[in-house]
Protein chains: 2
Amino acid sequence: MTDAINSILKKNSLSITPSRLAILQLFHQSSGALTHAVIEQKTGDQFDRVTIYRTLQVFVEKGLIHTIPSPDNAILYALCKEDCTKGHHHDNHIHFICDKCNTTYCLDHITTPNIALPKGFKNKQTDVLMKGLCAHCNQ
Amino acid sequence: MTDAINSILKKNSLSITPSRLAILQLFHQSSGALTHAVIEQKTGDQFDRVTIYRTLQVFVEKGLIHTIPSPDNAILYALCKEDCTKGHHHDNHIHFICDKCNTTYCLDHITTPNIALPKGFKNKQTDVLMKGLCAHCNQ
DNA sequence: AATATAATGCAACTATGTTGCAAAATATTT
DNA sequence: AAATATTTTGCAACATAGTTGCATTATATT
């Protein structure tokens, strides 16, 4: 596991540091998206807040994770699929937030719909955010 | 104009105060969505930050405005259509943010698409956020 | 092992948003 | 129209989210 994480960092020409290993591993272990606060907590407060922010920034730049616009007021981060590269995200899937357990899922296999815009408008990116109950909580 | 705003407040059994009049009027004059910071600035800093926050909260509760999840980290507020009432928003339209002028449009006549979710998932609300160039900037 | 490069932690700062409470303004009653 | 009851406001204080500069430390390179 750690080796796999290691080689991901190498592949993206990122130096290997404890914080990057821990945070990237955390993403690979989690099913949903993570906020800065959750990452801080789940890494046991062993890293400085600023370090976590900067690690997340670097990961976004390298195309390892992407941000999700959230109704709460904190940026959500989630793992990108493998075809995302530096400066070129394939972020055309929809996101689902469970009202009960608050998990945010990337539904990678469901692509965003094409929506016709009024005259003159040019679309560049579409974000779909669905809310409701996830499969676990809907029972 | 002020009379119309006045009667909207009365209709929603809200007492008439300078801040409510000014903020509601500002929404009716604006084409797009507004953030707290913009409202504070456009009302000439004559109202306390807290007053603006509370006014926005009340307007949301009464169904006069709705919030829009934003990629930036600040809540966007926009006027509701007339069929929105207290506790019952009809917020099923899509939103468009212009990359250039940063205006957020409510495209009221474009309804959110129906998207099939994986087994077990139950949808309650769908937010669509499109980004690109608006009709004004796309020239 | 020595050097160059990059990342970290700390302090300080900005922005956003919330809560409690006394003072002031609005609405209601007489 | 004045007095009372009810809301709303502004202030202070606080909480959370996020950024920047800089010296120290760790990683990578030679």
Side-chain angles (χ1 to χ4, degrees), chain A residues 2-3 5-25 33-62 64-77 86 102 104, chain B residues 2-3 5-25 33-62 64-77 86 102 104:
Chain A
T2 314
D3 285 350
I5 303 294
N6 229 297
S7 72
I8 293 175
L9 290 175
K10 275 183 191 157
K11 216 177 289 176
N12 287 276
S13 50
L14 289 170
S15 42
I16 289 153
T17 67
S19 58
R20 289 181 178 164
L21 282 170
I23 294 174
L24 193 49
Q25 189 153 358
L34 303 168
T35 60
H36 173 272
V38 168
I39 293 168
E40 196 172 4
Q41 177 213 320
K42 290 213 176 185
T43 51
D45 295 288
Q46 56 177 315
F47 306 114
D48 193 83
R49 282 167 13 88
V50 180
T51 300
I52 298 175
Y53 277 116
R54 288 198 266 231
T55 302
L56 292 169
Q57 279 172 11
V58 170
F59 284 177
V60 170
E61 280 167 24
K62 292 290 182 176
L64 296 175
I65 59 176
H66 63 279
T67 60
I68 306 170
S70 93
D72 303 18
N73 218 42
I75 302 176
L76 279 167
Y77 299 89
K86 181 174 171 173
N102 217 34
T104 300
Chain B
T2 313
D3 284 352
I5 303 294
N6 229 296
S7 72
I8 293 175
L9 290 175
K10 276 185 189 155
K11 217 177 288 177
N12 288 275
S13 50
L14 289 171
S15 42
I16 288 154
T17 68
S19 58
R20 289 181 180 166
L21 282 171
I23 294 173
L24 193 50
Q25 188 154 358
L34 302 169
T35 60
H36 173 272
V38 168
I39 293 168
E40 196 172 3
Q41 178 214 318
K42 290 214 177 185
T43 51
D45 295 287
Q46 56 178 315
F47 306 114
D48 194 82
R49 280 165 16 87
V50 179
T51 301
I52 297 176
Y53 277 116
R54 287 197 268 232
T55 302
L56 291 170
Q57 279 172 11
V58 170
F59 284 177
V60 170
E61 280 166 24
K62 292 290 183 177
L64 295 175
I65 59 177
H66 63 280
T67 61
I68 306 170
S70 94
D72 302 19
N73 219 41
I75 302 175
L76 280 166
Y77 299 89
K86 182 175 170 171
N102 217 34
T104 300

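All chains are named by letter (A, B, ...) in the order of the sequence lines, taking the proteins before the strands, and each is independently numbered beginning at 1.
For B:H36 and B:Y53, the gap between ring centers is short of 6.0 Å.
B:D72 places its CG atom 16 Å from the C1' atom of C:dG17, with the value rounded to the nearest Å. Rounded to whole Å, the distance from CG on B:N73 to P on D:dG18 is 5 Å. Atom CZ of B:R20 is separated from atom P of D:dG10 by 12 Å (rounded to the nearest Å). Rounded to an integer number of Å, the gap from CD1 of A:I75 to C1' of D:dT16 is 13 Å. Atom CG in B:D48 sits about 10 Å away from atom C1' in D:dA12, given to the nearest Å. The distance from atom CG of A:L76 to atom C1' of D:dT16 is 15 Å, rounded to the nearest whole Å.
Between the side chain of A:R49 and the base of C:dG9 there is no donor-acceptor pair of N/O atoms closer than 3.5 Å.
Among the atoms of the strands shown, only primed sugar atoms or phosphate atoms (P, OP1, OP2) are found under 4.0 Å from some heavy atom of B:S19.
Between A:Y53 and D:dG18, a side-chain N or O to OP1/OP2 separation shorter than 4.0 Å is present.
The nucleotide whose nearest atom lies closest to any side-chain atom of A:T51 is, among C:dT8, D:dG10, C:dT18, C:dT8.
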Assess the residue pair B:Q46 and B:S19 against the criterion (side-chain contact (heavy atoms from CB on, under 4.5 Å)); give the C-alpha distance rounded to whole Å, side-chain angles, the decisive distance to 0.1 Å, and a yes or no.
CA-CA 9 Å; B:Q46 56 178 315; B:S19 58; over 6 Å; no
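Interatomic distance, B:I23 CD1 to B:L64 CG, rounded to the nearest 0.5 Å: 12.0 Å. Put simply, OG1 on B:T43 and CG on B:L21 are 13.0 Å apart, with the number rounded to the nearest 0.5 Å.
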One character per nucleotide, please: for nucleotides 20-30 of chain D, 5' to 3', B when the base has a protein heavy atom closer than 4.0 Å, S when only the sugar-phosphate does, - otherwise.
BB-----SS--
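With sequence neighbours excluded, no residue satisfies ring pair (Phe, Tyr, Trp, His ring centres under 6.0 Å) with B:F47.
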